[in-house]
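Reading through the structure tokens given below for one structure.
Below, all heavy atoms of this structure are taken into account, side chains as well, without hydrogens, waters or symmetry copies. Since this is a predicted model, take the numbers as computed values, not measurements.
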Amino acid sequence: MKKFLQRKNIVISAKRYGIDALGAMAQGLFCSLLIGTIIKTLGQQLGLTFLTDMGGFASAMSAPAMAIAIGYALQAPPLVLFSLAAVGQAANSMGGAGGPLAVLFIAILAAEIGKAVSKETRIDILATPAVTIFVGVVLAYLIAPPIGSLADAFGTLINQTTMLQPFWMGIAVSVLVGIALTLPISSAAICHTLSLVGLAGGAAVAGCCAQMVGFAVMSFRENRWGGLVSQGLGTSMLQMGNIVKNPRIWIPPTLASAITGPIATCLFRLEMNGDPINSGMGTCGLCGQLGVWTGWLAPSEAAVTKVGAAAVSPTAFHWIGLVLICFVLPAVLSVIFCEICRKAGWIKEGDLTLPQ
């Protein structure tokens with residue numbers, strides 16, 4: 001069996017499924033639902049039907065895009081990879097509000113079984129896609145509804161608890177989602193799976209921004225403008241190697257997120273009512289901020305369902321809160337905490353230098 005799995009490139013590991021597959025799933029979401037939502041919103045605001053339709057087409061393909069991306073991460077052969085489009089659609093449809101989590105589990109199982117069957121018969125062109133789709137759809141009928149219900153209930157619990165206890169949940173959600181963003185897992189996929197919107201979504205945006213902007217600004221002396229852009233608009237995950245070497249460099253942005261989270265939920269009442277994936281994007285391509293903006297103008301279906309969101313006309317207070325929470329406070333607080341850590345000898349010159 002060990003030799004068979006090795007020959008089929010079936011690697012059963014937390015990294016393959018929890019990091020590679022989850023990260024690829026987030027990319028699939030980005031290339032369909034997220035970019036589609038942005039294009040659709042621009043079309044609606046500009047009165048361009050062509051853009052609105054384009055965004056709708058992209059968003060409608062989110063389930064197949066997620067499943068195919070997962071298969072790509074698992075290095076599935078072509079016949080398996082292309083068959084996962086149907087599997088993703090079935091899992092997402094049967095999973096309801098928690099469909100993305102169902103897609104993750106079912107696409108992984110269907111892809112691995114498809115890989116096991118691939119090129120084992122003389123009728124591979126028929127057998128491989130048939131087995132992959134059959135296994136995926138059967139699993140969708142059997143386990144997608146309970147997986148979806150569980151994810152939906154947990155996400156609802158977080159959203160409702162944040163509304164009832166905005167201070168403590170503001171800290172918890174901001175810190176935990178921010179940490180997830182810097183770890184080699186996908187905070188965007190987590191937020192989308194749990195449908196984090198409203199105040200919980202706002203806290204998640206605050207935490208992600210604290211990590212990205214925090215690392216970008218406090219490491220400016222080592223990484224200069226290239227590091228500022230790559231971390232501030234790309235990902236703070238670039239610091240993961242340095243964090244392994246010296247975990248104390250993680251203190252400043254994490255403390256910053258613990259402060260900006262409750263400020264977002266209690267003072268500015270910052271809500272992220274765009275598509276839930278934006279809650280876990282931070283300043284990556286300014287997707288977190290675009291999500292807040294689209295949520296003001298046209299709340300997503302998840303936001304309407306979960307927290308009863310309604311469209312608002314943003315005031316100066318809304319914009320000031322967004323700028324402070326996403327950019328100003330993370331930068332200022334992280335630099336202050338970093339300087340304290342430097343003076344204490346916890347962070348030394350070169351600890352934040354990105355690999356070339």
Spacing of OG1 belonging to T315 relative to NE2 belonging to H318, to within rounding of 0.5 Å: 5.0 Å
Within-4.5 Å side-chain heavy-atom neighbours: V205 and C326: yes
Side chain to side chain contact (heavy atoms under 4.5 Å, CB included) assessment of I10 paired with E112: CA-CA 6 Å; I10 299 176; E112 297 294 47; 3.7 Å; yes
W319 and W296 aromatic ring geometry - parallel, tilted or perpendicular at 30°/60° bounds: perpendicular
Shared hydrophobic cluster for V137 and L101 (ILVMFWY, side-chain gaps under 4.5 Å): no
A331 backbone acceptor or donor facing S334 side chain under 3.5 Å: no
Side-chain heavy-atom pair Q211, T254 within 4.5 angstrom cut-off: yes
Interatomic distance, C208 atom SG to M281 atom CE [nearest 0.5 angstrom]: 9.0 Å
Same apolar cluster (I L V M F W Y, side chains within < 4.5 Å links), V80/I133: no
Presence of salt bridge, K348 and E222, under 4.0 angstrom: no
Intermediate values then yes/no, side chain to side chain contact (heavy atoms under 4.5 Å, CB included), L164 and M169: CA-CA 9 Å; L164 295 173; M169 286 300 291; over 6 Å; no
Least distance between heavy atoms, A63 atom then G88 atom: CB-O, 3.4 Å
Nearest heavy atoms of V131 and I113, plus distance in Å: CG1-CG2, 4.0 Å
Sub-4.5 Å side-chain heavy-atom contact between R16 and N9: yes
Exceeds 12 heavy-atom contacts within 6.0 angstrom, atom CZ of F105: no
E349/R221 ion pair, N-O < 4.0 Å: yes
Side-chain (T260) to main-chain (P330) donor-acceptor, under 3.5 angstrom: no
Joint cluster assignment, L324 & L267, ILVMFWY side-chain distance < 4.5 Å: yes
Q160 side chain vs K306 backbone, donor-acceptor pair below 3.5 Å: yes
OH/Y72: more than 12 non-hydrogen atoms of other groups inside 6.0 Å: no
Expected output: side-chain N273 to main-chain G295 donor-acceptor under 3.5 Å: no
Pair R248 + D351: basic N to acidic O under 4.0 Å: no
Exceeds 12 heavy-atom contacts within 6.0 angstrom, atom CZ of F317: yes
Spacing of CD1 belonging to I243 relative to CD1 belonging to I251, to within rounding of 0.5 Å: 11.0 Å
Verify same cluster id: L196, I147 (apolar side-chain graph, 4.5 Å): yes
Evaluation steps, side chain to side chain contact (heavy atoms under 4.5 Å, CB included), between L233 and L286: CA-CA 7 Å; L233 294 177; L286 300 180; 3.9 Å; yes
Heavy-atom closest contact (A302 atom, V197 atom, distance): O-CG2, 4.1 Å
Considering all heavy atoms, the nearest F4-A116 contact: CZ-O, 3.6 Å
S195 side-chain N/O to C191 backbone N/O, donor-acceptor pair under 3.5 Å: no
N/O donor-acceptor pair under 3.5 Å between S174 side chain and G207 backbone: yes
L199 vs L270 side-chain heavy atoms within contact, under 4.5 Å: no
I125 CD1: over 12 foreign heavy atoms closer than 6.0 Å: no
Other residues, nucleotides, ligands: >12 heavy atoms within 6.0 Å of R7 CZ: yes
Close side-chain approach of V135 and L109, heavy atoms under 4.5 Å: no
Exercise: identify the closest heavy-atom pair between V87 and G136: CG1-CA, 3.8 Å
Passing candidate, side-chain contact (heavy atoms from CB on, under 4.5 Å) with S187, options V177, L176, I277, T235: V177
Non-hydrogen side-chain atoms of M66 and N92 separated by less than 4.5 Å: yes
Flag, side chain of N246 to backbone of W346, donor-acceptor distance under 3.5 Å: yes
Pair K8, S118: side-chain N/O donor-acceptor within cut-off below 3.5 Å: no
Same apolar cluster (I L V M F W Y, side chains within < 4.5 Å links), Y141/F134: no
Reported OG1-to-CZ distance for the pair T193 and F154, which is rounded to 0.5 angstrom: 12.0 Å
Least distance between heavy atoms, G43 atom then L51 atom: CA-CB, 3.6 Å
I68 side chain reached by F82 side chain, heavy atoms, under 4.5 Å: no
Heavy-atom side-chain contact between Y17 and L22 under 4.5 Å: no
Flag, side chain of D275 to backbone of T294, donor-acceptor distance under 3.5 Å: no
Reported CD1-to-CG distance for the pair I249 and N242, which is rounded to 0.5 angstrom: 5.0 Å
Side chain N223, main chain L352, donor-acceptor under 3.5 Å: yes
From P252, C338, P253, residue fulfilling side-chain contact (heavy atoms from CB on, under 4.5 Å) relative to F215: P253
Between Q231 and S219, a side-chain donor and acceptor under 3.5 Å: yes
Ion pair check, E120 and K115, cut-off under 4.0 Å: no
Gap between atom CZ of F337 and atom CE of M218 - 0.5 Å precision: 11.5 Å
Side chain to side chain contact (heavy atoms under 4.5 Å, CB included) assessment of S230 paired with L354: CA-CA 10 Å; S230 62; L354 293 176; 3.9 Å; yes
